[in-house]
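Everything quoted here is computed from the prediction, not taken from an experiment. Chain letters run A, B, ... following the sequence lines, proteins first and then strands; every chain starts at 1.
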Amino acid sequence: MINIQDMRDTARDLLAKNEVRAVIGYRRGSSGMNAEPVVITDAAQADELVWDPTCFHNLALYLVEDRKFLAHTRAKPGLPIAIVAKGCDARAIVVLMQEHYFKREEVYIIGMSCEGTGVLDERKLASQGIQASNAAFDGDDYVFTTAQGEKRIAAREVMADRCLECRIPYPREHNVVLGEDKTGRVLAEPFAALKRFEERDAAERWIYWERQFDRCIRCFACRSVCPMCFCDECVVDSISFPVTAQTTAEEKANRVRWIERSAVRSENITYHMTRAMHLAGRCVDCNECERVCPVNIPLRLLNNKMEREAREQFGYEPGASIGAPALVASFLDNDPEKFIR
Amino acid sequence: MQKILEKIQLDAWIAALGEWEILAPAMEDGIWGYHPLDGAVRLDHSNTTQPPKGLSFPQREVFFSFEQIKGEPPRLTQKMPAATRRAVFGVRPCDGAGAVRMDKVFSDHVADPYYQNRRKNLAYVGLACNKPQGSNCFCLSVGGSPVATEGMDVLMTDLGDRYFVTAVTETGKALMSAAAKVFTAPTAADKKLVEKTHADAVAQPQRAVNDVDAAPAKLKASFDSPLWEELARACIGCGVCTFLCPTCHCFDINDESTGSSPIKGNRVRTWDNCQFPDFTMHTSGHNPRESLGARLRQRVSHKFQYFPENFGMPQCTGCGRCISECSVGIDIINTVNKVTGHVG
Amino acid sequence: MSDNIYLPELARIAHIKEEIGGERAIKTFRVEPVEGDTFKHECGQCAMLSVFGRGEMMISIASSPLIKEYKQFSIMRVGRVSATFHELEVGDVIGIRGPYGNSFPLDDWKGKNLVFIGGGVGLAPIWPLITTALAQRADFKNITVFYGARSPRDLMYRAELERMRGDANIQLSVDKAEDGWKEFCGFVPANVLDKKPSPDNTIAITCGPPIMIKFVIENLSKLGFKDEQIYTTIENKMKCGLGKCGRCNVGKDYVCTKGPVYSWAQLKELPEEY
Amino acid sequence: MTKKRTGVFVCHCGNNIAATVDVKKVAEVMGTEEGVAYSQDYVYMCSDPGQNAVIQSIKDNNLDSVVISCCSPNLHEKTFRDNAKRAGLNSFTCEIANIREQCAWVHKDKERATEKAIKISRSAVRRAGRDQALEPIAVPVTRKVLVIGGGIAGIQAALDIANAGLQVILVEKQATIGGHMLQLSETFPTLDCSQCILSPKMVDVSRHPNITLLTYSEVKEVSGSVGNFRVNILKKPTYVDPELCKICDDCANVCPVVVPNEFDLGLTARRAIHIPFAQAIPASYTLDESACLGLNPIRCGKCKDVCEVGAINYDMRPQTLIEDVGAIVVATGYDLYGQEHMNELGGGQIDDVLDGLQFERLCSASGATKGHVLRPSDRTVPKDVVFIQCVGSRDPANHCAYCSKICCMYTAKHASLYKHHVPDGRAYVFYIDIRSGGKGYEEFVQRIMEDDEAIYLRGRVSKLYRKGGKVRVLGTDTLTGQNVEIDADMVVLALAMEPSKGTEEIAKTLKIGRDKDGFLAEAHPKLKPVESVTAGIFLAGCAQGPKDIPETVAQAGAAASKVIGLLSQPTLSHAPTVARVRNSHCTGCEMCVSACPYNAISLENGKALVNEVLCEGCGSCSATCLRAAIEVKNATPLQIHEMIEACLA
Amino acid sequence: MSEQQAEVTTDYEPRIVAFLCKWCSSAGSDLAGVSRIQYPSNATPITVPCSGSVSPMYILSALKKGADGVLVSGCHIGDCHYIEGNYLARRKIHLVKELLGFVGVEQDRFRMSWVSAAEGAKYSQVIKDFVEDLRPLGPQTKLKADRS
Ligand SMILES: Cc1cc2nc3c(=O)[nH]c(=O)nc-3n(C[C@H](O)[C@H](O)[C@H](O)COP(=O)(O)OP(=O)(O)OC[C@H]3O[C@@H](n4cnc5c(N)ncnc54)[C@H](O)[C@@H]3O)c2cc1C
Ligand SMILES: Cc1cc2nc3c(=O)[nH]c(=O)nc-3n(C[C@H](O)[C@H](O)[C@H](O)COP(=O)(O)OP(=O)(O)OC[C@H]3O[C@@H](n4cnc5c(N)ncnc54)[C@H](O)[C@@H]3O)c2cc1C
Ligand code: SF4
Ligand code: SF4
Ligand code: SF4
Ligand code: SF4
Ligand code: SF4
Ligand code: SF4
């Protein structure tokens with residue numbers, strides 16, 4: 001089991017020795033039991049850092065934010081930035097590096113092995129009727145502090161599905177790593193939900209998705225939270241259009257409007273299809289998008305579908321290697337083509 | 001008008017409201033929302049994920065359609081919402097208060113015909129909160145109450161096997177009169193019980209924003225505080241907090257159209273929100289609220305400073321949605337308290 | 001006008017004049033209502049123009065309220081809607097709704113000296129004011145117009161300005177001089193400092209790029225102008241023009257209704273989010 | 001800015017279009033289309049009056065772009081673009097709507113065909129509306145040519161090009177140039193000695209001031225494009241300095257290692273240090289690294305000791321040369337389909353079953369048996385020799401589907417050569433058809449049949465196997481329907497020609513396509529038979545498909561003349577419909593870089609940068625970029641988006 | 001709902017957008033023309049440089065604008081004028097097709113083919129088959145934008 005003090009010491013050392021300019025980690029939130037992301041720049045803040053089953057956020061997002069901030073202020077990064085990263089987070093960082101969003105030496109990865117106990121799925125906990133104010137790891141269990149006292153639950157009962165299915169619950173890419181490598185400890189069959197879903201026929205699948213897509217309010221939380229959605233302007237809309245001094249009137253005037261802003265089915269589905277396509281081979285299944293969706297749209301199914309295609313048809317593993325080309329920018333001579341006439 | 005409604009009579013009441021389309025809370029795909037009534041009403045819901053604001057201010061509103069045949073002037077066809085009367089059951093007091101704020105925005109200066117048309121046909125049949133619906137409720141501290149009638153046409157209070165039903169507006173009276181038979185007059189005991197229930201509800205512990213009345217001045221003084229950036233550091237700039245807020249009303253107007261002749265399309269209003277990076281970005285690229293800190297400041301200041309300055313009430317009703325649903329724990333209570341706590 | 005505040009009137013383009021070419025071209029459009037009379041406006045107000053299928057944009061009304069037959073708009077080609085405007089031809093029909101915003105208190109300024117300071121397309125919002133003041137020339141004392149642009153080619157309303165010379169003191173400037181340029185060479189604020197208009201019984205009205213306004217105000221203060229004597233307009237992104245959509249919000253003001261005209265004294269009270 | 005004044009011209013094409021498409025209606029509907037300022041129909045748009053009408057209308061109506069609704073752009077796009085240019089428009093603002101091949105000719109229902117013609121035309125109007133005015137990109141050319149492969153094809157091309165005054169680099173992977181022709185004895189139909197006609201050309205190559213000969217070398221990498229390729233050539237060490245080598249054979253005499261001689265197709269042996277054959281060019285010995293005991297005086301060092309002129313140098317290292325060239329001729333030739341594939345014909349296990357080239361070496365005066373036809377197993381004169389044609393060819397189910405084209409001829413030649421060497425021998429030829437198209441070819445075969453009394457049996461051989469000292473051949477004569485059984489002393493298989501080993505790699509390196517049989521693909525089977533699909537790369541010889549020497553030489557000459565024509569211009573014009581990057585959107589993810597088949601994109605300051613000269617405008621980058629930050633000019637996503645809409649309106 | 005509509009709309013004609021690469025499939029369709037091979041007029045061709053240039057956005061966009069079917073056609077593998085554009089297309093389009101099928105859009109609405117410049121007959125067959133396969137599916141309403 002990881003000793004939280006080790007993580008704090010690591011962060012403190014890095015900051016004290018001026019090896020990094022900041023550490024992205026988790027701290028206690030101000031409401032409820034959940035941890036929240038924090039960026040600390042002072043060694044004295046290291047003791048704020050926490051590590052518990054509510055550290056579900058994929059912090060790689062804040063590397064992206066940091067990069068955008070630097071670009072905006074035209075500041076030179078100087079020292080690297082450190083980040084606390086789980087297995088999936090580290091894979092996300094690898095994808096970002098694959099896409100040259102930053103260089104390896106600009107990031108100091110404090111790897112956290114999930115040791116097979118993953119992170120919590122709040123909805124599973126809620127469905128057990130538990131309201132807790134704090135959560136902690138303990139061996140293979142989670143321990144919750146509730147109004148009725150301490151409650152111990154086997155982690156696998158309330159763990160996020162993606163953690164149950166995780167093949168490599170370990171940050172392969174790291175500068176330091178805490179915890180044991182429990183790779184191989186897969187608690188549930190990968191793509192289980194996907195498999196179950198695919199047993200339905202096309203008509204049933206549509207009925208299901210139609211209802212899901214109709215519900216989307218296009219708050220774009222799914223996109224905002226995804227470290228892979230780092231584009232300044234998303235192709236599907238004009239939100240956050242990166243107007244610079246070089247952007248011409250022509251460019252501004254001639255943006256293609258692939259989708260409209262109205263949250264109606266046709267636009268929502270195009271948005272989600274596009275997003276799934278754009279995440280093919282890039283999504284690392286951190287499942288943040290699905291977690292943050294306020295209306296419970298099962299985005300993981302879409303991402304898993306793409307992930308499995310990539311793996312099974314093209315032998316492609318997202319976030320496996322910094323040097324690998326992107327899934328859709330490469331091919332194999334014998335890629336499947338049975339579908340082609 | 002104060003009446004008693006046996007819980008088993010609720011369906012009978014609704015059945016009598018033939019002219020009304022009834023919306024009631026229902027759980028779909030794991031979330032509570034207001035849906036057209038399907039079967040019996042069960043008002044055992046916790047607060048809905050989305051407030052009922054979409055009923056008067058839908059995510060998408062078509063203003064008018066246009067058709068432009070080459071060489072001819074464009075033809076515009078106004079699209080006013082259909083005048084169906086809709087009664088929404090189970091609205092929580094914070095959302096009632098939200099409607100009051102929305103009404104102000106959409107009638108101040110000039111009246112918004114689309115909003116007004118929908119709103120005048122909408123009746124809120126509220127349900128008092130005997131206890132807070134979630135750990136992030138803070139209505140009391142922002143001038144509301146779990147039993148407030150603000151914004152409601154009718155307020156019901158759960159008394160176990162009965163509801164204590166109060167008509168707040170004329171519409172409310174009409175709603176109740178439509179099924180006069182199902183209601184009974186409250187006894188003195190009923191009145192006592194409801195008083196006690198309300199008192200208990202108000203006494204329940206809630207989170208709180210400190211000194212809302214002093215907030216405008218304090219926020220004004222803290223405009224340049226570095227705390228804003230610090231507090232917004234984790235914010236991902238999504239739209240959850242405002243899209244789910246019962247009082248956020250910012251919108252965008254766009255033309256959705258075909259490019260080929262004849263050009264046909266609609267001018268459409270959609271929700272928009274101040275947390276999106278391009279919300280205020282000028283065409284030149286200059287953005288008055290570029291940073292997340294500035295945007296968080298706008299959201300919080302709008303609710304606790306600007307709106308009070310204009311309308312004499314905070315634009316936050318304490319429903320706690322933006323806290324509970326924020327994926328990274330940005331907490332409006334904490335934010336206001338921290339920022340205002342730094343000024344004397 | 002219909003009750004529906006979002007429903008534009010139809011207006012026909014009667015005249016188009018190309019003011020400036022190049023990357024940020026400016027064209028001046030005169031539009032006339034397709035049917036009946038159009039709305040009345042005051043100096044400094046603006047209107048929401050639209051090309052159906054492309055969208056709407058907020059543009060200052062650049063013609064004097066004294067002119068009833070048409071309204072004039074000078075539009076810089078910068079984005080989706082404005083670029084589309086630049087492709088329109090005389091006879092094309094557009095949508096227009098307004099007028100929006102407050103106006104310059106011109107009547108209060110009678111008997112005073114007026115100093116207008118404009119840069120680039122920023123001459124447009126104060127143009128109705130200049131022309132109205134000149135139309136009522138006797139009501140005002142000295143009228144001075146400072147106007148500058150990047151180069152002689154970038155000066156809009158050039159011919160009109162030349163014609164005004166008798167009635168007003170016209171001070172032109174360009175950032176970069178070219179052969180044959182006889183007037184001031186340098187930025188507008190510098191020209192103001194150079195010519196030293198007197199603050200006595202004077203109102204200064206400035207409009208242009210934010211950075212220019214900043215330095216103009218600085219220099220006017222140096223010359224002794226009080227905050228109450230300086231007026232400007234601010235342009236925030238606007239979608240509805242009706243104080244609802246939330247974009248132009250600066251502090252408690254929705255600029256589309258409380259602005260765009262502010263005295264520097266008023267503006268100082270608002271947070272700097274414009 | 002969108003074009004506001006597009007003109008649409010709808011062609012009747014006589015009755016070709018007008019019969020099924022209501023052209024008047026198309027023109028009329030186009031007139032109501034946004035952005036169209038003028039539209040008309042005309043009976044023959046491409047005729048002089050038609051074209052003049054277009055020019056006139058452009059001028060009269062102040063048009064800024066035109067759409068011609070007519071036949072396929074392959075036919076008249078150029079005509080109309082030139083036309084538009086003459087009228088003062090940019091030629092790239094002229095678009096063709098193909099309403100003939102893609103509409104009128106393939107549909108009957110007039111109403112529906114008209115509807116479709118409207119959609120096609122409308123979609124072209126939308127494309128034209130956003131077409132940018134473009135000018136062809138002028139690319140300076142490097143007046144130097146790379147020829148890959150030193151067979152007769154490569155030699156001929158190199159000489160022709162060099163004679164025109166251009167510099168040539170000839171790269172050959174073997175130690176000598178000459179290719180397969182060098183291995184032939186005499187050549188059909190004239191039976192002149194192969195080496196006698198080839199050697200002088202080889203000498204010319206070696207002496208030509210404009211030719212740099214790089215043998216024992218391979219092309220490793222090619223970048224750039226027509227006019228400006230950059231090639232990376234690996235020169236393997238021969239360990240012998242050709243300048244010093246006196247070809248005295250002293251070294252080979254002391255070399256203790258004996259290996260089969262590939263030049264004689266294993267019929268003879270050679271030493272580790274050897275010369276492929278006496279007249280090799282360059283005239284020098286080569287040390288076969290893989291056979292040598294160690295390139296080390298301690299292990300062996302005999303050859304180095306014995307070489308008086310000190311030509312042998314064990315320290316030679318592979319060298320990488322980088323050359324800039326303007327054009328490339330690929331003449332990498334062929335190899336024979338392996339005997340090992342022919343299981344029913346002995347699978348290469350029977351030593352008296354030879355392939356055609358081995359038989360050539362047997363007949364050659366410089367060959368294994370000094371020109372005496374002796375069978376390999378016991379060096380006796382074979383009396384019954386069976387020649388089998390079409391081995392491995394024309395057998396789509398099991399082997400190569402194509403006809404190897406020359407086997408009929410060389411088998412006839414072999415039968416004849418055999419009969420000349422062994423007049424009392426019997427030559428049997430199994431054939432399926434005799435294909436002897438070519439000047440003097442049919443006569444040649446007839447002569448062999450009649451004068452040389454070769455026995456031609458129509459039919460296939462089903463099996464052969466060793467039987468005692470003989471090879472038993474089982475076949476059928478389909479003319480008589482009889483089974484035939486021959487106990488042969490020797491069997492010669494006319495094996496199919498296949499692309500030489502390494503063709504796949506070279507095709508990949510050069511980014512040129514291959515056909516379904518693996519030969520290098522020409523750009524057009526009829527009209528561009530010597531061009532590859534990549535501009536500036538030409539094909540010659542058997543690398544492109546089976547052929548004999550005259551055809552090889554003719555194609556080499558054709559390739560040479562194409563190269564000379566190409567490089568006679570001071571600059572090349574490159575299509576300007578290339579990719580362009582929208583910098584503010586690009587995040588520098590390099591997806592486009594890996595997607596681009598032409599390596600045309602690099603990253604500069606974190607943004608993609610397109611080398612317009614290399615870009616072919618395929619759009620792979622644009623479909624790959626997640627940010628729509630890169631697009632091909634005049635085929636932009638915005639244009640396609642609007643075209644889609646126009647198709648569905 | 002589209003199943004029901006299919007029954008009532010008997011005179012339904014599927015609308016197809018066909019993205020044809022310039023070098024092979026467009027030339028192949030020209031050959032069909034030259035050879036006068038008749039096929040239904042339901043498909044409107046859009047010529048693109050290469051099948052590799054067809055972005056998934058084009059396909060989604062066509063469906064959104066109401067196409068009943070979308071065809072992408074390019075050169076056979078190995079024959080791409082741009083060497084490997086069709087390899088990239090094959091992978092990308094596999095993903096789009098899978099994704100559309102996954103959410104329940106009939107996979108038959110989307111087709112990819114290799115048609116060479118010499119395969120006029122094949123082009124016409126591809127269109128014929130596509131139209132026939134689309135007919136029973138009825139109008140595509142799932143992704144179609146409602147512009148009312
Ligand atoms: C009070 C006031 C007065 C002004 N007066 C003048 C004046 O006199 N002259 C002048 O030249 N300018 C004036 N301006 C500035 C002018 O309003 C802007 O330049 C103009 O709005 C630019 O519009 P655009 O459509 O060209 O730019 P864009 O930024 O391209 O688009 C504007 C709007 O179109 C919509 N839009 C564009 N693309 C998309 C997309 N892909 N998806 C969704 N939506 C999209 C957006 O909603 C956006 O807000 C004034 C502004 C104000 C506030
Ligand atoms: C048995 C037989 C008998 C024949 N008899 C006759 C005949 O009588 N008359 C006649 O007209 N034709 C005859 N031919 C055909 C004749 O051999 C060919 O037409 C001719 O040799 C083709 O020449 P080429 O230059 O294209 O290929 P090749 O002769 O194969 O030359 C190719 C050259 O390229 C080199 N090379 C290959 N790959 C590379 C590389 N990657 N880099 C550098 N160099 C490379 C090879 O080493 C070789 O030197 C006969 C063929 C056979 C098999
Ligand atoms: S899927 Fe969920 S998170 Fe994403 S935009 Fe829709 S409602 Fe928001
Ligand atoms: S798509 Fe979702 S699961 Fe995948 S990387 Fe992005 S946020 Fe994580
Ligand atoms: S506060 Fe939370 S919900 Fe609101 S924009 Fe920021 S991250 Fe999203
Ligand atoms: S804030 Fe909570 S307690 Fe208050 S009214 Fe809303 S749901 Fe009820
Ligand atoms: S794929 Fe797009 S974003 Fe990435 S480097 Fe290329 S152009 Fe830039
Ligand atoms: S269009 Fe793009 S991928 Fe194709 S050659 Fe040009 S740069 Fe390369």
Contact class of A:Phe230 relative to chain D, heavy atoms under 4.5 angstrom = side chain
Check whether the side chains of D:Asn90 and D:Glu135 place a donor and an acceptor atom closer than 3.5 Å, and report yes or no.
-> yes
Among residues 313-329 of chain A, residues within the sub-4.5 Å heavy-atom range of chain D, in order of number, are A:Pro325, A:Ala326, A:Val328, A:Ala329
Classify the side-chain pair D:Asp515/D:Gln544 by whether it contains a donor and acceptor separated by less than 3.5 Å.
-> no
Over 12 foreign heavy atoms within 6.0 Å of CG, A:Asn334 = yes
Identify, with sequence neighbours excluded, every residue that meets salt bridge (Lys or Arg N to Asp or Glu O under 4.0 Å) alongside D:Glu221.
-> none
Would you please say whether a donor-acceptor pair under 3.5 Å links the side chains of A:Asn58 and A:Arg91?
-> no
Nearest non-hydrogen partners of D:Thr503 and D:Thr332, listed with the distance = OG1-OG1, 4.4 Å
Check against side chain to side chain contact (heavy atoms under 4.5 Å, CB included), A:Met228 and A:Tyr101 = CA-CA 10 Å; A:Met228 264 75 243; A:Tyr101 206 63; over 6 Å; no
Heavy atoms only, distances under 4.5 angstrom: which of D:Leu626, D:Thr587, D:Thr624 has the most pairs with chain A? Name it, please.
-> D:Leu626
